[in-house]
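Just below is one structure, and these are the notes that go with it.
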Amino acid sequence: MFIINCPFCGKREQSEFKAGGEAHIVRPKQPTELSDDQWAEYLFMRKNIKGIQFERWNHAHGCRKWFNMVRDTSNDEIKAVYKMGEKPPTK
Amino acid sequence: MTKNLRVKSGKVIDETYRISFKFNGNTYYGFKGDTLSSALLANDVHLVGRSFKYHRPRGIMTAGSEEPNAIVQLHDKSSRTEPNVRATEVEIYEGLEASSQNCWPSVKFDIGGINNFLSPLIPAGFYYKTFMWPASFWEKYEYFIRKSAGLGKSPTEPDPDVYEHKYIHCDVLVIGSGISGIMAAKIAAKNGFKTLLVDEKPNLGGSTIYQNSDYFKINNQNSNSWLEKEINEIKKLENLEIKTRTSVAAYHGYNFLLARENLTDHLPIEQRKGKTRHRLLKIRANKVISATGSIERPMIFDNNDRPGILLSSAVKRYADLFGVACGEKCILFTNNDSAYETAISLIQKGINIEAIVDNREKVDSKLLYEVEKSNIKIFKGYTVTDTFGYKRINKISIKQLSKDGQKVVGSKISLTCDCLGVSGGWTPAVHLFTQSGGKLKFREDDQVFIPNTYPSDQISIGSCNGDFTLDEILINTPKSLKEFLNIKSTNYENLEVVSSINKSKRNIWLLPSDKVLGKTKSFVDYQNDATAKDIKLALREGFRSIEHVKRYTTTGMGTDQGKLGNMHALGIISETAGAKMGELGTTTFRPPYTPLTFGTIVGRNVGEYFDVIRKTPIHNWHEKNKAEFENVGQWKRAWYYPTENESMHQAVQRESKAARESAGILDASTLGKIDIQGTDASEFLNRVYTNAWSKLAVGKCRYGLMLNEDGMVYDDGVTTRLGENHYIMTTTTGGAANVMGKLEDYLQTEWPELDVYLTSVTDHFATVSVCGPNSKKILKKVIPDLDFSDENFPHMSFKNAKIGKINCRIMRISFTGEHSYEINIQANYGKSAWEKCMEAGKDYNITPYGTETMHLLRAEKGFIIVGQDTDATMTPIDLQMDWIVSKKKYDFIGKRSLYRSDTIKEDRKQLVGLLTEDPNEVLEEGAQIVADVNKSPIEMLGHITSSYYSPNLKKSIALGVVRGGKNMMGQKLIIPMEKKNINVTVADPVFLDKENKRLNA
Ligand SMILES: [Zn+2]
């Protein structure tokens, strides 16, 4: 069970949070202009990385805010958390 | 028949307090402080169970939680019965009843014992190989296997005990109270860390606390008295909490640990009343110090499993702590110095040692010289090759080892004995460390795995870190802790230590025998009856990965997770396969370290506390009026209101008729309600619903369908425009929280530019729905000053109103197809509004109806229930609801998916109505729908989603999903049931009032 540093509330137990899948997948602005394959790429295709992964998390039983997290999936180390709309850390 | 093998008083025994207990029906006596195993051994009882596969007689092997054999059932035939309990961990109390569990019909005569003679026929993988075919035989095998395998019996009555969970936060957690754990706890607490020390045993001090010998000294005192003083000191420390009988079960990431604190299991049953039995501790520690010690290794030789064969350290522990001799003619068998520590203890206690067999040829050991003084015969360079005695060991054969240790040479010597204490060296207890994600390294010198890299802020000290001798522990522990806790000094820097252990060891994973391996039974995993032969067979059959060998042979898969024999399994694999130990890896130890009771895991979340129960503000009225309730998510909803002697069917038929003929009233308070405000509220609704919202006038209501991005129906409900920038959305009862979450997700992550605010108001309003041709008259009586004319208040519109002085919102909307109103009122006035409607409706036979009638009424109208008529694979097109999907809107959630190649297929399952040939035949929900029963295999076209007998239409009606159903109107299909085939015709899903005349009736 992680301790997650919510960018709005600070450190809290993992049980207060909900994982929301891969981060930085932007919903296409003009879905109607996409081919089936392009739409399927957005809709279904998600990475499953062993190592550094960018994820969405929601402080569901707290401030209810969504935010992003950088996590090393091989050892569950949380490298960074940052608000929606902020640029992901490069290091 | 029973002997008394109590010698001198043991350290933890109170000989003034005698306790009687029963084992397998016989009464025995022990003393306060005894474990079940020490008390049995004191009565000369070794045989306690049968092995799992071959049903070989088995005895007590250890004195701790690593015990593989002495697994018993407590309190058989009582609600407190508990299987799979280790006799070595049960503290005896007055009234204790225990029985052997892995035997049938009795431990002394066991039918499965025949497997022992058939064992050449039961090699590794036997179960996989044999019981696979023919499949129909499995039932017959299973009966006998289950009966004779006996993993104990579960209780059949509710558990009378109380369990609880507790969170603990601390700076430092110390696991294990051996000498290194005690030092660590003292150092941490004295340096200002809030510290918790836990130990699975009832007493502190580990094995040092009974090491009373001149050969082990600290500051000129015997190590046990030095440690005793330390323990007395730490008990006074304010910063330190100590929990004994507390076993850490799991060590997760981020230093989150689960431990079971055992509070009453050692008490007589009548003293347990009103007390919590087990407490599950959820510990979050900034720093963790593992001082979990080490487990002595057995050795692998022919027939190494007979009752009377114990670990040498257990023989010592029983003598020192409990004052119990494990036999009158003991032999010790060792490959290292540990057995001489045992010998010294036995000599002190006057327990007879026949001989010591030592693998090593030349040993320069002070302990050995001390033992030699007592004229005990020591066979150096020898090994045990076989043992004898069926229910108790009575003889061993020994032979000399060849120089390389691969063979036995010379002539056989027979020695009689009634106890054999075995020491194969020590294995660090790294189970918790590896659970936490720690990686091990292999130390070649003494063939042990020790902690290498730590995944969190933690450290291992003492023998679990590979420091086995007193001097190593006393020198390394303060050093490591200084660094780990970042402190200047520990006050343990200048200890004078005498430790007389010679560290040499002659490690031979599988000892040689004068027989061929195929003729031997050298057990590696005692609990699962896996032998060295099995492991070699698995390798011959091509298994290479340690994880595969484990599963094929079941080595390490018992409740003890192979705490004793896993290292030998690895050793034998590495030798046979020619792979290096360090490169082979280890199998994974999983939580819990020792089994937990279900009670511990669920804590107080049982019975009415199992889940949150949500009740509407009108709940008491339903209860008073004898409603039956159904669970909808966490909600209790009124299901139907039976009058005297009425069945559910009769009640529902009556309620349904009343609602259509005059008036019905429904508590709809559970529907989800989301208040939506902001200048972009209309735009937001446009994006989340399939239909258009910008043109909805203030004061009007509209039904909306919400999809997932994959185009599948997610939720539905009516949304009302309360003001220019203000809406109230209703959702399904079960979907409320998810819809709220989903809408927040889109607002926060995809469309942060929208000025929209969402508030869940489900619990703030009670909703009373009144329907039927007389609903208007009733509402008029409740709210006389509101103009209810169709011109002023048409279908799908809303009015602010007052019932007395209380503001409420009235929506004219309908889920039944009848003329109908919904009153939304502040929750605490809900019941009063309901009662006012009941009172006003008296003359019109207003009839309360529950969810069952609601479902029937809407099914007559062909209205779907999301989650019943849909699953996550139905698009609006599949539901024949094309009318609600806007063609004009550029985008909404799920729009693009509605014309993916898969979603536009003609033969998708589509919602249709179904009418039975016999109007009285009501179909079963979930039943399969087919076209042709003669074809094999029968092709399934779909299934029934809703089915009722309609009292208003006087016939059976059903909704179902059928592949390509849209184009099957009028076609005959078949519902194949167990006893008959039912003929149905595909029909329009709207069965009643297709023209919606009743809405304005
Ligand atoms: Zn938060």
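Labels below follow one simple rule: chain letters A, B, ... track the order of the sequence lines, proteins then strands, and each chain is numbered from 1.
Two residues are said to be in side-chain contact when any heavy atoms from C-beta on lie closer than 4.5 Å; A:Trp39 and B:Glu709 meet this criterion.
Residue A:Phe67 does not touch chain B at all, counting heavy-atom pairs closer than 4.5 Å. Both the backbone and the side chain of A:Trp66 have a heavy atom closer than 4.5 Å to some heavy atom of chain B. For a residue to count as touching a neighbouring chain, one of its non-hydrogen atoms must lie under 4.5 Å from one of that chain's; by this rule B:Asp891 touches chain A with the side chain only. Of the atoms belonging to B:Ser456, not a single heavy atom falls under 4.5 Å from chain A. In this structure, chain B has heavy atoms under 4.5 Å from both the backbone and the side chain of A:Arg64. Contact of B:Phe892 with chain A is made through the backbone alone, with heavy-atom distances under 4.5 Å. In this structure, chain B has heavy atoms under 4.5 Å from both the backbone and the side chain of A:Ile3. Using a 4.5 Å cut-off between heavy atoms, A:Met1 contacts chain B through both its backbone and its side chain. For chain A, the nearby parts of B:Tyr899 are the backbone and the side chain; heavy atoms of each come within less than 4.5 Å. Residue contact with chain A, scored on non-hydrogen atoms closer than 4.5 Å, involves the backbone and the side chain of B:Asp745 alike.
The distance from the OG atom of B:Ser897 to the CZ atom of A:Phe44 is 6.0 Å, given to the nearest 0.5 Å. Distance check: B:Arg900 CZ to A:Asp37 CG gives 10.0 Å after rounding to the nearest 0.5 Å. Put simply, CD on B:Glu744 and NZ on A:Lys65 are 7.5 Å apart, with the number rounded to the nearest 0.5 Å. Atom-to-atom distance recorded for B:Tyr254:OH and A:Glu13:CD is 12.0 Å, nearest 0.5 angstrom.
By the neighbour-count criterion of 12 heavy atoms within 6.0 Å, atom CZ of A:Phe8 is densely surrounded, having more than that number from other residues, nucleotides or ligands. Counting heavy-atom neighbours within 6.0 Å of B:Glu753 CD, excluding the residue itself, gives a total above 12. In this structure, B:Lys887 places its NZ atom where more than 12 heavy-atom neighbours from other residues, nucleotides or ligands lie under 6.0 Å away. Within 6.0 Å of CG on A:Asn48 lie no more than 12 heavy atoms contributed by other residues, nucleotides or ligands.
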Side chain to side chain contact (heavy atoms under 4.5 Å, CB included) evaluation trace for A:Gln14 with B:Phe256:
CA-CA 11 Å; A:Gln14 186 187 345; B:Phe256 181 67; over 6 Å; no

The test is salt bridge (charged side-chain N to carboxylate O under 4.0 Å, His left out); show your working for A:Asp36 and B:Arg896 and say whether it passes.
CA-CA 9 Å; A:Asp36 266 13; B:Arg896 176 61 186 84; 2.8 Å; yes

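Between chain B and the residues A:Ser35, A:Gly85, A:Ala60, the most heavy-atom pairs under 4.5 angstrom are made by A:Ser35. When each of B:Thr749, B:Asn255, B:Asp710 is scored by its heavy-atom pairs under 4.5 Å with chain A, the top score falls to B:Thr749.
Interface with chain B: from residues 21-29 of chain A, residues A:Ile25, A:Val26, A:Arg27, A:Lys29 qualify, criterion being any non-hydrogen pair under 4.5 Å.
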